[in-house]
Structures are given as structure tokens and as C-alpha cells.
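Report on the structure given below.
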Amino acid sequence: HVQLVESGGGSVQAGGSLKLSCAASGYFSKRCMAWFRQAPGKEREGVAAIEKDSSTSYADSVKGRFAISQDSAKDRLTLQMFNLTLEDTAMYYCAAVMIRCPFTVYGLGRLGYETDFAHWGQGTQVTVS
């Protein structure tokens with residue numbers, strides 16, 4: 001059983017920063033972990049993903065501003081967000097799948113879709129004003 005729990009969301013002024021965290025429990029072998037976000041009325045979109053070997057991929061909209069990382073035990077996923085804009089306002093979700101990341105298969109920037117990830121957290125709200 002895999003469980004993901006996000007934390008760290010909140011309200012921040014444009015130009016500010018936030019650090020999101022995802023605590024993972026349960027068995028993981030070779031796995032992909034990712035952050036998605038969803039604004040009201042919008043589809044859920046991939047933000048960043050990281051392979052077990054620490055290779056990463058980012059959406060064009062956040063590249064250079066966000067950084068995804070995981071601890072050595074692979075039980076905590078982090079999204080460091082800098083220079084936040086109003087467009088970053090969304091519910092942010094931690095996601096995982098027990099196989100390679102979509103970008104590993106299809107190329108950098110190809111973060112995949114909601115259906116590519118079997119495990120999801122409940123989300124943490126980020127509001128930029």
C-alpha cells in the first residue's frame with residue numbers, strides 16, 4: 001500500500017516562495033514521483049517529475065523557478081518554488097507510479113497525464129496574490 005501526504009501549501013505574494021513536501025509510505029521499487037497541479041475549472045497538469053535515479057523534468061511554465069527533489073531514502077518528495085506568479089495558484093498534488101516516468105519514455109518535458117500515475121495525495125493549496 002502506497003500513501004502520499006502533501007504539506008507546505010499556503011498563501012504567498014507574487015514573487016515569493018514556498019516549499020511543498022510529500023511524505024511517502026509503502027513499498028516502492030523503481031518508481032517515478034511527480035507534482036501535478038490543478039486550478040479551479042482547469043485540468044490537472046504535470047509540474048515536475050523525478051526518477052528514482054534523480055533525473056528530472058519540468059513543465060515549461062515552471063522551469064527555472066521550481067525544483068523537485070527527493071531524499072536519499074525516497075520517502076519524501078519536495079517541490080521548492082521560487083518567484084511565484086498568479087498563474088501558479090492551484091491545488092498541488094503529489095503523485096507516484098511504480099514504473100519509469102513518462103518523460104523517460106517520451107522525452108523531457110513530457111510529464112504525462114493524471115492516468116499515468118497510480119498513487120495520489122490529497123493535495124495542498126497554493127494561493128499566490
Side-chain angles (χ1 to χ4, degrees):
H1 180 256
V2 175
Q3 186 170 341
L4 306 173
V5 180
E6 303 95 335
S7 62
S11 297
V12 63
Q13 294 183 0
S17 63
L18 280 175
K19 184 178 180 179
L20 306 183
S21 181
C22 172
S25 62
Y27 177 75
F28 280 78
S29 57
K30 181 180 179 181
R31 67 177 186 264
C32 172
M33 299 191 73
W35 289 96
F36 278 68
R37 66 186 182 186
Q38 188 168 24
K42 305 292 185 180
E43 65 183 8
R44 192 169 298 186
E45 63 175 351
V47 175
I50 184 167
E51 282 279 16
K52 192 173 184 178
D53 68 0
S54 296
S55 59
T56 60
S57 183
Y58 297 89
D60 288 343
S61 60
V62 307
K63 193 171 185 177
R65 299 189 299 116
F66 290 11
I68 188 171
S69 62
Q70 59 190 347
D71 67 3
S72 59
K74 307 294 191 295
D75 60 0
R76 183 168 294 274
L77 182 73
T78 297
L79 184 68
Q80 185 73 252
M81 305 184 293
F82 300 99
N83 194 26
L84 287 160
T85 72
L86 298 180
E87 300 299 317
D88 295 318
T89 294
M91 184 74 73
Y92 283 72
Y93 297 91
C94 177
V97 67
M98 303 298 287
I99 59 175
R100 72 282 185 271
C101 290
F103 76 82
T104 300
V105 179
Y106 301 112
L108 293 175
R110 304 289 298 276
L111 298 178
Y113 303 92
E114 182 175 355
T115 52
D116 291 318
F117 292 83
H119 309 286
W120 293 88
Q122 294 299 305
T124 185
Q125 178 68 38
V126 172
T127 302
V128 184
S129 62

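Residues take their numbers from the sequence shown, with the count starting at 1.
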Exercise. Indicate whether the side chain of Gln80 and that of Ser69 have a donor and an acceptor atom separated by less than 3.5 Å.
Key: no
Practice problem: Carefully, step by step, assess Val126 and Leu18 under the rule side-chain contact (heavy atoms from CB on, under 4.5 Å). | Solution: CA-CA 8 Å; Val126 172; Leu18 280 175; 3.8 Å; yes
Self-check item: Member of Val47, Thr56, Thr78 meeting the side chain to side chain contact (heavy atoms under 4.5 Å, CB included) criterion with Ile68
Solution: Thr56
Self-check item: Min side-chain heavy-atom separation Leu111-Ser57 under 4.5 Å
Solution: yes
Quiz item: Measuring from Leu77:CG to Glu6:CD, what's the distance to the nearest 0.5 Å?
Solution: 9.5 Å
Quiz item: Ile50 and Cys101: which non-hydrogen atoms are nearest, and at how many Å?
Solution: O-SG, 3.6 Å
Quiz item: Are Cys94 and Trp120 side-chain neighbours, meaning at least one heavy-atom pair lies under 4.5 Å?
Solution: no
Self-check item: Minimum side-chain heavy-atom gap Arg44-Met91 below 4.5 Å
Solution: no
Quiz prompt | Step-by-step side-chain contact (heavy atoms from CB on, under 4.5 Å) determination, Asp88 to Phe66 | solution = CA-CA 11 Å; Asp88 295 318; Phe66 290 11; 3.8 Å; yes
Quiz item: Is there side-chain contact between Arg37 and Val62, with at least one heavy-atom pair below 4.5 Å?
Solution: yes
Quiz item: When you look at CG of Asp53, are more than 12 heavy atoms from neighbouring residues, nucleotides or ligands closer to it than 6.0 Å?
Solution: yes
Exercise. Check the side chains of Arg76 and Ser21 for a donor-acceptor pair under 3.5 angstrom, ignoring hydrogens and angles.
Key: yes
Self-check item: Interatomic spacing from CG in Leu20 to CD in Gln125 - rounded to 0.5 Å
Solution: 10.5 Å
Practice problem: Could you tell me whether a side-chain N or O of Thr124 sits under 3.5 Å from a main-chain N or O of Gly9, the two making a donor and an acceptor? | Solution: yes
Quiz prompt | Check: Tyr113 and Pro102 side chains under 4.5 Å, non-hydrogen atoms | solution = no
Practice problem: Give a yes or no on whether the backbone of Glu51 and the side-chain of Gln70 come within a donor-acceptor separation of less than 3.5 Å. | Solution: yes
Practice problem: Looking only at non-hydrogen atoms, find the nearest pair between Cys32 and Ala49 and report the distance. | Solution: SG-CB, 4.3 Å
Self-check item: Straight-line distance of Arg65 CZ to Tyr58 OH, nearest 0.5 Å
Solution: 12.0 Å
Exercise. For residues Phe36 and Phe117, establish whether the separation of their ring centroids is below 6.0 Å.
Key: yes
Practice problem: Output, in order, the C-alpha distance, side-chain angles, deciding distance and verdict of side-chain contact (heavy atoms from CB on, under 4.5 Å) for Cys22 and Trp35. | Solution: CA-CA 9 Å; Cys22 172; Trp35 289 96; 3.8 Å; yes
Exercise. Evaluate the side-chain proximity of Ser55 to Phe103: yes if any heavy-atom separation is below 4.5 Å, no if none is.
Key: yes
Quiz item: About how many Å separate CG of Asp116 and CZ of Arg110, when rounded to the nearest 0.5 Å?
Solution: 10.0 Å
Quiz item: Taking atom OH of Tyr92 and atom CD of Gln38, what is their separation to the nearest 0.5 Å?
Solution: 12.0 Å
Practice problem: Supply the atom-to-atom distance Ser11 OG to Leu84 CG, rounded to the nearest 0.5 angstrom. | Solution: 11.5 Å
Quiz item: What's the shortest heavy-atom distance between Leu86 and Val128, and which atoms?
Solution: CD2-O, 3.1 Å
Quiz item: Quick one: are Met81 and Val12 in side-chain contact, heavy atoms under 4.5 Å?
Solution: no
